[in-house]
There are 2 protein chains.
Amino acid sequence: MAMRSDSDAAVRPKLGFRPLYQQVRDMFVQRMVEGRWTPGQALPSEIDLAAEVGVSQGTVRKALDAMAAERLVVRRQGRGTFVAEHDEARILFQFFKLVPDAGEPAFPESRVDSATQEPASMADAQSLQLKAGTPVLRIHRVRSLGGKPVVAETVVLPAGLFPGFVDGPIPNNLYGSFATRYGITVARAQERLKAVALDETDAAALGVPAGTAALLIDRLALGLDGLPVEWRLSRCLTADFHYHSDLT
Amino acid sequence: MAMRSDSDAAVRPKLGFRPLYQQVRDMFVQRMVEGRWTPGQALPSEIDLAAEVGVSQGTVRKALDAMAAERLVVRRQGRGTFVAEHDEARILFQFFKLVPDAGEPAFPESRVDSATQEPASMADAQSLQLKAGTPVLRIHRVRSLGGKPVVAETVVLPAGLFPGFVDGPIPNNLYGSFATRYGITVARAQERLKAVALDETDAAALGVPAGTAALLIDRLALGLDGLPVEWRLSRCLTADFHYHSDLT
DNA sequence: TAGTGGTCTAGACCACTTC
DNA sequence: AAGTGGTCTAGACCACTAG
């Protein structure tokens with residue numbers, strides 16, 4: 001593959017220098033984007049990958065370590081390296097920060113109230129980086145923990161990415177479904193939190209008086225390519241739960 | 001130092017195996033705890049450290065990289081490795097997650113309303129892992145951004161760690177003061193967020209009606225040794241600000 | 001026992017900063 | 001030009017998993 005050739009200026013240009021191991025990382029991510037490597041799959045061994053790419057094992061190792069830090073792959077000593085899956089355990093750990101004040105975190109159940117396709121509002125378009133009017137899917141649901149309704153949630157998706165998603169039953173684990181049905185991986189997300197007073201609709205859905213203080217979570221989920229995949233507004237009751245954040 | 005000697009079972013025991021580079025990391029952290037390495041100070045070069053510890057440069061590199069990931073040191077190519085400081089820029093980035101909806105993050109001003117020493121309440125003791133009745137310092141202050149009061153804050157400190165702290169003027173940058181005056185480094189923190197309705201006291205301090213929804217941030221700050229250093233309750237108005245969280 | 005990732009070493013060279 | 005951290009390589013050995 002000649003990636004090691006120092007005379008090949010296109011591969012290792014002196015200006016805009018990009019380390020080899022990052023180029024290798026990008027190549028591997030691209031394989032995931034294209035679906036050549038799919039969630040759960042075991043990657044070839046470091047030695048095999050190194051030989052294939054034309055790079056030392058140490059460089060492949062740095063690339064895979066970087067991907068492990070991004071949670072794109074999981075490395076298990078003695079077993080191999082695997083493309084990360086969006087199973088409930090991972091989502092609970094990485095994406096679901098609302099945990100009980102006492103007791104173990106748990107994956108919430110969902111009751112879908114509506115799931116429709118409509119033109120993107122201005123807010124939809126701005127969040128998802130679409131043009132206003134582009135079709136989006138809008139899902140309203142109430143999520144419960146321990147049998148009690150805790151979260152009133154609005155999910156907005158670019159319809160073009162998820163054809164037919166709204167026609168059948170809506171699964172509880174959305175990100176897992178995105179991956180298995182559409183090959184779209186949610187790689188990371190940004191959340192913006194505010195405290196708000198619940199309006200009558202949300203309060204009724206959660207079974208509390210209107211005006212109750214709730215935690216509003218505004219989440220934008222991004223794919224492997226860094227583009228928006230989902231916009232989500234969650235209004236959470238925090239009497240018995242809290243949002244957990246580690247500052248490290 | 002003979003750390004490389006494979007025959008020295010005390011250094012590299014087979015059961016409870018701990019990698020060399022982590023042992024080196026622990027040794028370096030210990031130097032920071034003891035004040036031999038202080039914030040802002042330049043560390044010896046990797047080669048010098050490797051020679052001193054009796055380990056390869058690559059192992060020292062892994063130890064320092066791990067410490068850089070923990071934000072305990074800052075590495076600058078061509079210049080050296082430095083013990084991290086608690087300057088406002090770092091605090092803004094690592095510990096202050098409340099940012100304006102529009103515009104740049106800024107370091108808040110503070111007005112201290114009271115600063116006293118008293119016996120730890122049950123809640124104090126539980127949070128800070130003290131015995132009830134142990135003396136603690138309690139600081140009430142209001143923090144403002146852009147001239148507007150936004151946060152009503154209660155800070156609780158173990159009095160034993162910070163003798164005399166409450167006698168003079170209370171600085172705005174607490175963590176910087178902890179480091180320079182007492183050699184105590186806040187290494188990381190855990191935050192628990194809830195939405196609450198403001199009581200009359202906090203509402204008055206922030207100039208809003210009682211019952212206004214506010215974001216309650218319950219922070220426990222930990223030192224280099226992992227022990228609690230500070231407990232802080234912040235009630236934040238989120239009309240023009242939000243709490244930012246990256247899920248990666 | 002074979003194969004995987006994890007650690008450790010040694011050495012060469014590169015990019016960046018400072019003098 | 002000298003010194004620092006950053007990259008890349010090559011090879012040895014260790015810890016863990018599975019057949």
Side-chain angles (χ1 to χ4, degrees), chain A residues 1-9 11-28 41-69 72-84, chain B residues 1-9 11-28 40-69 71-84:
Chain A
M1 267 238 175
M3 289 195 73
R4 68 167 65 179
S5 164
D6 289 73
S7 59
D8 187 344
V11 172
R12 293 173 65 183
K14 203 147 195 188
L15 288 181
F17 170 71
R18 189 163 179 75
L20 234 197
Y21 74 91
Q22 286 192 26
Q23 299 178 40
V24 174
R25 186 216 84 113
D26 293 346
M27 180 186 310
F28 291 169
Q41 179 178 343
L43 271 54
S45 73
E46 294 179 350
I47 292 180
D48 290 350
L49 286 170
E52 179 201 336
V53 177
V55 136
S56 80
Q57 184 188 357
T59 298
V60 167
R61 165 172 293 277
K62 272 200 95 170
L64 291 177
D65 284 346
M67 293 174 73
L72 300 181
V73 299
V74 174
R75 317 199 70 181
R76 282 186 279 227
Q77 190 178 37
R79 297 199 46 201
T81 303
F82 303 82
V83 180
Chain B
M1 269 231 177
M3 288 196 72
R4 67 167 66 177
S5 164
D6 288 73
S7 59
D8 187 343
V11 173
R12 293 174 63 182
K14 203 145 195 191
L15 289 180
F17 170 71
R18 190 165 177 75
L20 234 197
Y21 74 90
Q22 285 191 26
Q23 299 179 39
V24 174
R25 186 217 83 113
D26 293 346
M27 180 187 309
F28 291 168
Q41 181 178 342
L43 271 54
S45 73
E46 294 178 350
I47 292 179
D48 290 352
L49 286 170
E52 179 202 336
V53 176
V55 137
S56 80
Q57 184 188 358
T59 298
V60 167
R61 165 172 293 278
K62 272 200 95 169
L64 292 177
D65 283 346
M67 294 173 73
R71 301 180 199 274
L72 300 180
V73 299
V74 175
R75 317 200 70 181
R76 282 186 279 227
Q77 189 177 37
R79 297 200 46 200
T81 303
F82 303 82
V83 180

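Just so it is clear: chains get the letters A, B, ... in the order the sequence lines come, proteins before strands, and each one is counted from 1.
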Without decimals, in angstroms, what is the distance between [X] [atom1] and [N] [atom2]?
X        : N       : atom1 : atom2 : answer
Arg18(A) : dG6(D)  : CZ    : P     : 17 Å
Leu49(B) : dT4(D)  : CG    : P     : 11 Å
Asp65(A) : dC8(C)  : CG    : P     : 14 Å
Arg25(B) : dC8(C)  : CZ    : C1'   : 19 Å
Leu20(B) : dC14(D) : CG    : P     : 13 Å
Gln23(B) : dC8(C)  : CD    : C1'   : 12 Å

Check your understanding: Is Lys62(A) near enough to dT7(D) that one of its side-chain N or O atoms lies under 4.0 angstrom from OP1 or OP2?
Key ->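 Answer is yes, contact under 4.0 Å.
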query: Is any side-chain nitrogen or oxygen of Tyr21(A) closer than 4.0 Å to OP1 or OP2 of dC8(D)?
result: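 The answer is no; no side-chain N or O of Tyr21(A) sits under 4.0 Å from OP1 or OP2.
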Distances under 3.5 Å between nitrogen or oxygen atoms of protein and nucleotides 3-5 of chain C:
unit_1	atom_1	unit_2	atom_2	d
dG3(C)	N2	Gly78(A)	O	3.0
dT4(C)	O2	Gly78(A)	N	3.2
dG5(C)	OP1	Thr81(A)	OG1	3.3
dG5(C)	OP2	Glu46(A)	N	3.0
dG5(C)	N2	Gln77(A)	NE2	3.0

Exercise for the section: Determine, stepwise, if the pair Phe28(A) / Leu49(A) fulfils side chain to side chain contact (heavy atoms under 4.5 Å, CB included). Expected result: CA-CA 10 Å; Phe28(A) 291 169; Leu49(A) 286 170; 4.1 Å; yes
[X] versus [Y], closest heavy-atom pair with distance:
X        : Y        : answer
Arg18(B) : Gln23(B) : O-NE2, 2.8 Å
Val73(A) : Leu64(A) : CG2-O, 3.9 Å
Val24(B) : Ala63(B) : CG1-CB, 3.8 Å
Arg75(A) : Arg61(A) : NH1-O, 3.8 Å
Phe82(B) : Gly40(B) : CD2-O, 3.8 Å

Pairs under 3.5 Å (Watson-Crick or G-U), crossing ones as [ ], inter-strand ones as |: DNA chain D comes out as ||||||||||||||||||.
Distance col, row Gln41(A):CD vs Leu43(A):CG, nearest 0.5 angstrom, shows 7.0 Å
d(Arg25(A) CZ, Asp65(A) CG) to nearest 0.5 Å is 13.0 Å
| request: Would you sort out whether Thr81(A) and Met67(A) count as a side chain to side chain contact (heavy atoms under 4.5 Å, CB included), showing the intermediate values? | output: CA-CA 10 Å; Thr81(A) 303; Met67(A) 293 174 73; over 6 Å; no
